[in-house]
Amino acid sequence: MENHKFNFSQIEKKWQEKWEKEKVFEVKESKSKKKYYVLEMYPYPSASFLHVGHVRNYTIGDVYARFRRMNGFNVLYPMGYDSFGLPAETAAKKEGIHPKKYAETSIKKIMAYQKALGNSYDWSRIIASHDPEYYKWNQYFFLKLYEKGLAYRKKAPVNFCENCESVLANEESEGGKCWRCGNEVIQKDLEQWFFKITDYADKLLKDLNKIEWPERIKIMQKNWIGKSHGTNIEFKINDEKWLVFTTRPDTIYGVTFMVISAQHPRLMELVSEAQKKDVEKFLKKIKSTSEKDLEELDKEGVFTGSFAINPVTNEKIPVWAGNFVLADYGSGMVMAVPAHDQRDFEFAKKYKIPIKVVIQPEQYELAPEKMSRAYTEKGILANSKEHDKISSDTAIEIISDFLEKKKLGKRTIQYKLRDWLISRQRYWGTPIPIIYCDKCGIVPVPEKELPVKLPEKIDLKSKGNPLATNKDFVNTQCPKCAGKATRETDTMGGFVDSSWYFLRYCDNKNKKKPFDEKKVNYWMPVDQYIGGAEHAVMHLLYARFFIKALKDMGFVKFDEPFKKLFNQGILHASDGNKMSKSRPKYVILPEMVSDKYGIDTARLFLMFVSSPDKQMEWTDKGVEGSFKIINKLIRLKDNLNTKSNKANENRINATVKKVTENIENFEYPKSIIAIIEALDYFSEGISKKNYEILIKLISPFCPHIAEELWHNLGNKSFISLEKWPKAGKINEKLLAQEKQIDNLIEDINNILRILEGKGEKKEKIKIFAIPNEIDLYKEAKDKIEKSTGMKAEILSIKDAKEQGKKIKAKPGKPGIFVE
RNA sequence: GCGGGAGUGCCGGAGUGGUCAAACGGGAUGGACUCAAGAUCCAUUGGCUCAGUGCCUACAAAGGUUCAAAUCCUUUCUCCCGCACCA
């Protein structure tokens with residue numbers, strides 16, 4: 001009807017251009033305005049299109065940014081691109097283009113889409129991690145961390161993905177598979193660069209209390225850090241001291257053997273001549289089975305030929321090598337108490353090692369020969385000499401004290417968290433600014449020589465790391481002795497880039513420093529971060545560490561980067577797969593909807609019907625509903641003559657309150673419902689002032705149409721910068737009364753329908769109300785008549801008696817009589 | 001196995017001690033408007049009942065607490081997510 005005049009794509013373009021031209025969303029530090037930093041995880045520009053997950057993500061952020069902005073905050077809402085990384089390299093390889101070109105064209109495309117979505121980014125702050133002006137500072141921070149001893153190089157068994165031809169961080173190996181390509185991860189001994197995140201394990205754990213994140217993400221981080229209290233106990237093996245970590249020192253009397261990890265670097269020291277053959281055979285076997293599913297791995301081991309001395313009992317116990325002990329947790333060796341640990345139990349059963357019960361349950365008595373599994377609960381100590389009869393809980397303390405006093409052990413804290421492996425054997429990343437000199441050893445590149453630029457001419461076809469074969473890059477001079485030296489050819493993993501990008505947005509053009517401290521301390525921390533849960537123990541953990549390290553080095557004044565986090569969940573398609581760029585069928589192009597409905601419809605749809613972690617299905621019919629809402633809003637502009645009344649004001653106030661609260665809590669669908677209800681309520685007419693309020697309320701969701709309508713009403717300002725409406729006092733009673741009228745109308749209609757079914761035609765309804773409700777119904781008489789199509793008469797219940805009708809009326813429920 | 005979350009109508013999903021047969025959207029059915037289509041609007045969409053605003057039955061299952069439970073507690077089942085031999 002009217003709306004055919006509305007050319008959505010034209011309106012969108014118009015306002016997008018105006019926003020850009022008048023720098024509506026560009027911001028500066030301000031002393032008078034309170035800042036608010038809204039940020040979405042910066043996207044990886046590999047795709048030439050966006051998938052629904054992205055679009056939704058950005059819209060969630062944009063709605064929030066717009067909302068905060070209209071609430072008077074100085075809102076920083078930037079966008080940038082995580083343009084380094086393996087996918088660009090592989091994609092580029094496949095398509096035969098240079099990763100740089102690939103990244104830059106992708107960015108252009110993505111930007112165009114994002115602009116088409118109408119998001120209110122401050123585009124002047126754009127960054128891209130492959131830009132030397134950006135990665136220069138990666139190198140700078142690397143050097144700073146190196147100075148502080150927080151970056152180091154060591155040879156270690158690391159996760160290696162043969163498909164990606166690179167090592168992976170611990171966090172990137174998911175259940176023994178590469179997080180990116182799903183390939184089996186194998187173990188390799190390599191010299192690698194690490195960041196010492198473990199130094200911050202405790203802080204990372206404790207400070208989770210400071211931040212308002214979804215509980216599940218916090219729990220995931222907590223589990224990942226994996227703090228446990230225990231005791232390191234000294235066992236003598238071949239007259240040498242070996243430390244063993246345990247959380248159950250109370251079971252020390254029950255130790256019947258020891259197990260050292262098969263991957264332990266010092267394993268061979270314990271292997272006797274006689275056992276050498278067996279051990280080697282065993283190690284070979286383990287290697288060949290390592291590709292099997294870890295879940296089905298049986299506990300296996302072999303006797304090393306050595307014996308350990310239990311420090312409290314002085315018993316001589318055999319030392320085994322086993323496949324179920326982790327080399328890099330604790331000390332890589334465990335004291336095995338088969339009676340009270342399931343793994344030890346299985347192992348002991350298999351190799352017929354004695355089982356000794358030292359904890360007895362209170363209800364019954366354990367006998368080692370009858371046990372079918374380990375007893376791991378609490379109980380009372382037995383067979384433990386002077387410690388007998390103590391409860392296991394107190395025994396942990398008493399025995400720990402005992403060991404500490406005798407200098408046989410020490411209480412310690414263990415973490416599961418391992419240091420962050422940052423080197424990658426790939427081309428498309430930040431070069432690690434290190435030079436190896438035969439004379440001087442490891443020499444950091446001097447700061448003034450940064451950035452160490454990635455060479456653009458490169459042979460991508462070669463196997464392995466293309467940088468390693470690039471002589472111009474590799475061969476260099478030692479900055480110390482000027483002698484011949486070679487460059488580190490590993491690059492940094494992409495999570496280094498993403499660990500501080502949000503700081504660069506605060507001052508993205510600084511040539512002298514990574515950022516100006518004042519600016520960063522003004523904008524940071526990010527008040528509202530938005531992104532997927534898949535980064536729970538990767539990006540989100542690394543960034544927290546990075547900021548803590550920067551704080552300790554004096555770069556920043558805060559120690560948590562993201563105050564609040566909103567997690568939209570991972571989008572799944574109906575087949576259970578994650579939506580991703582590799583599955584184009586889940587990808588929607590913004591044009592698909594914008595041509596027909598306009599992008600505001602798409603935005604509204606995504607914010608309305610899609611629930612956070614459910615699959616998203618893009619159907620035309622679904623979009624239709626959102627389109628109707630927008631059309632209702634547009635049509636209402638032709639109904640502006642009505643003067644407002646008390647009830648109208650009340651309704652508007654209630655709507656403002658609901659919409660505001662729900663946006664604050666990211667319950668967008670509820671906000672939209674409140675708007676829909678108001679649109680229905682006012683469908684007969686609305687005052688101009690209230691109409692403007694409604695437009696403001698919907699503007700974060702549908703910014704283009706809101707601007708247009710706002711403008712059409714004669715306003716010269718941008719609605720995007722207008723003040724968010726404030727809810728006046730709400731009269732709940734009035735709302736209840738309105739509902740009461742609605743109920744009455746429903747009841748009347750119900751009766752009429754019944755009568756109609758019987759073929760009886762009536763013309764008039766008499767409503768018999770209790771005395772103090774008469775006025776209420778009299779006021780609503782017009783509405784009742786209109787909605788029922790009947791003449792209505794409002795009477796007192798007393799009249800019913802006089803008229804001889806047997807009709808009852810209750811408060812809120814008047815008697816109805818049809819005639 | 002451990003940890004986290006969830007199970008409401010044809011569907012997506014509101015509701016978390018009484019006002020709830022259940023917001024809002026989608027779908028379906030019927031009607032109005034129209035030459036027609038679209039758009040728009042109205043009604044119905046658990047069962048029964050049809051002088052009538054009523055009654056009955058739901059909120060994964062079974063128990064319990066309570067004057068009162070979808071909502072609190074216990075157990076069980078199912079699904080999703082995360083971790084997975086961490087000593």
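Note on naming: letters A, B, ... go to the chains in the order of the sequence lines (proteins, then strands), and numbering restarts at 1 for each one. Since this is a predicted model, take the numbers as computed values, not measurements.
- Within the structure, a side-chain polar atom (N or O) of A/Tyr329 is placed less than 4.0 Å from OP1 or OP2 of B/A87.
- Across all strands shown, B/C20 forms no Watson-Crick or G-U wobble pair with both key distances under 3.5 Å.
- Legend: residues meeting side chain to side chain donor-acceptor pair (under 3.5 Å) with A/Asn662, ordered by chain and number and at least two apart, are absent.
- B/G12 and B/C83: their P atoms are spaced 27 Å apart (whole Å).
- Under the salt bridge (Lys or Arg N to Asp or Glu O under 4.0 Å) criterion, A/Glu667 pairs with A/Lys670, sequence neighbours left out.
- Only A/Ile219, A/Met220, A/Trp224, A/Ser228, listed by number, bring a heavy atom of residues 218-229 of chain A to less than 4.0 angstrom from any atom of RNA chain B.
- Remark: A/Arg418 is not positioned above the aromatic ring of A/Trp224, lacking an NZ or CZ atom under 6.0 angstrom from the ring centre and at most 45 degrees off the axis.
- Protein atom CG of A/Asn662 is 15 Å distant from nucleotide atom P of B/C24, rounded to whole Å.
- Residues satisfying the salt bridge (Lys or Arg N to Asp or Glu O under 4.0 Å) criterion with A/Glu397, sequence neighbours excluded, are A/Arg411.
- The gap from the C1' atom of B/A28 to that of B/C10 amounts to 8 Å, rounded to the nearest Å.
- When the C1' atom of B/C86 is taken as reference, atom NE2 of A/His264 falls 15 Å away, rounded to whole Å.
- B/G38 shows a glycosidic angle more than 90° from 0 and is accordingly assigned anti.
- Rounded to whole angstrom, the span from the CG atom of A/Leu735 across to the P atom of B/U19 amounts to 19 Å.
- Comment: A/Asp341 does not engage A/Arg248 in a salt bridge, judged by the lack of any side-chain N to carboxylate O separation of less than 4.0 angstrom.
- Comparing B/G9 with B/G46, their P atoms sit 12 Å apart, to the nearest whole Å.
- Side chain of A/Phe324, nearest nucleotide from B/C41, B/C85, B/C86: B/C85.
- When the P atom of B/A23 is taken as reference, atom CD of A/Glu661 falls 21 Å away, rounded to whole Å.
- Across all strands shown, A/Glu677 has heavy atoms under 4.0 Å from sugar-phosphate atoms exclusively, and none from any base.
- Rounded to an integer number of Å, the gap from CD1 of A/Ile672 to P of B/G26 is 13 Å.
- Atom pair A/Met538:CE and B/G82:P shows a separation of 11 Å (rounding to whole Å applied).
- Nucleotide B/U66: unpaired (no Watson-Crick or G-U wobble partner with both distances less than 3.5 Å).
- Of the candidate nucleotides B/C86, B/C85, B/G25, B/C85 has the atom lying nearest to any side-chain atom of A/Lys299.
- Remark: A/Lys218 engages no residue in a salt bridge (Lys or Arg N to Asp or Glu O under 4.0 Å) (not counting sequence neighbours).
- Comparing the P positions of B/U19 and B/A70 gives a spacing of 9 Å, expressed to the nearest Å.
- Comparing B/C56 with B/U8, their P atoms are spaced 25 Å from each other, to the whole Å.
- Distances from the side chain of A/Ile673 to the nucleotides B/C24, B/C41, B/A87 place B/C24 closest.
- Heavy-atom contacts from other residues, nucleotides or ligands closer than 6.0 Å to NZ of A/Lys410 number 12 or fewer.
- When the C1' atom is used for both B/G13 and B/C59, the distance is 13 Å, rounded to whole Å.
- Nucleotides B/G3 and B/C67 have their P atoms positioned 35 Å apart, rounded to a whole Å.
- When the P atom of B/C83 is taken as reference, atom CG of A/Leu326 falls 16 Å away, rounded to whole Å.
- A 3.5 Å limit on both hydrogen-bonding distances identifies B/G54 as the Watson-Crick or G-U partner of B/C48.
- Within the shown strands, B/C83 is the pairing partner of B/G1 under the Watson-Crick or G-U definition, both distances less than 3.5 Å.
- Among the heavy atoms of the strands lying under 4.0 Å from A/Val325 is at least one base atom, whether or not backbone atoms are also near.
- Applying the salt bridge (Lys or Arg N to Asp or Glu O under 4.0 Å) criterion to A/Lys349, with sequence neighbours excluded, gives no partner residue.
- Atom pair A/Asn323:CG and B/A87:C1' shows a separation of 14 Å (rounding to whole Å applied).
- Each of A/Ile629 and A/Glu667 was assigned the nucleotide of RNA chain B with the nearest heavy atom; the assignment lying further toward the 5' end belongs to A/Glu667.
- Pair assignment for B/C77: B/G7, on the basis of Watson-Crick or G-U wobble contacts that are both within less than 3.5 Å.
- Ring geometry for A/Phe627 versus A/Tyr597: interplanar angle over 60°, hence perpendicular rather than tilted (30 to 60°).
- Of the listed nucleotides (B/G25, B/A87, B/G15), B/G15 has the atom at the smallest distance from the side chain of A/Lys670.
- With C1' as the reference atom, B/A60 and B/G7 are 6 Å apart, rounded to whole Å.
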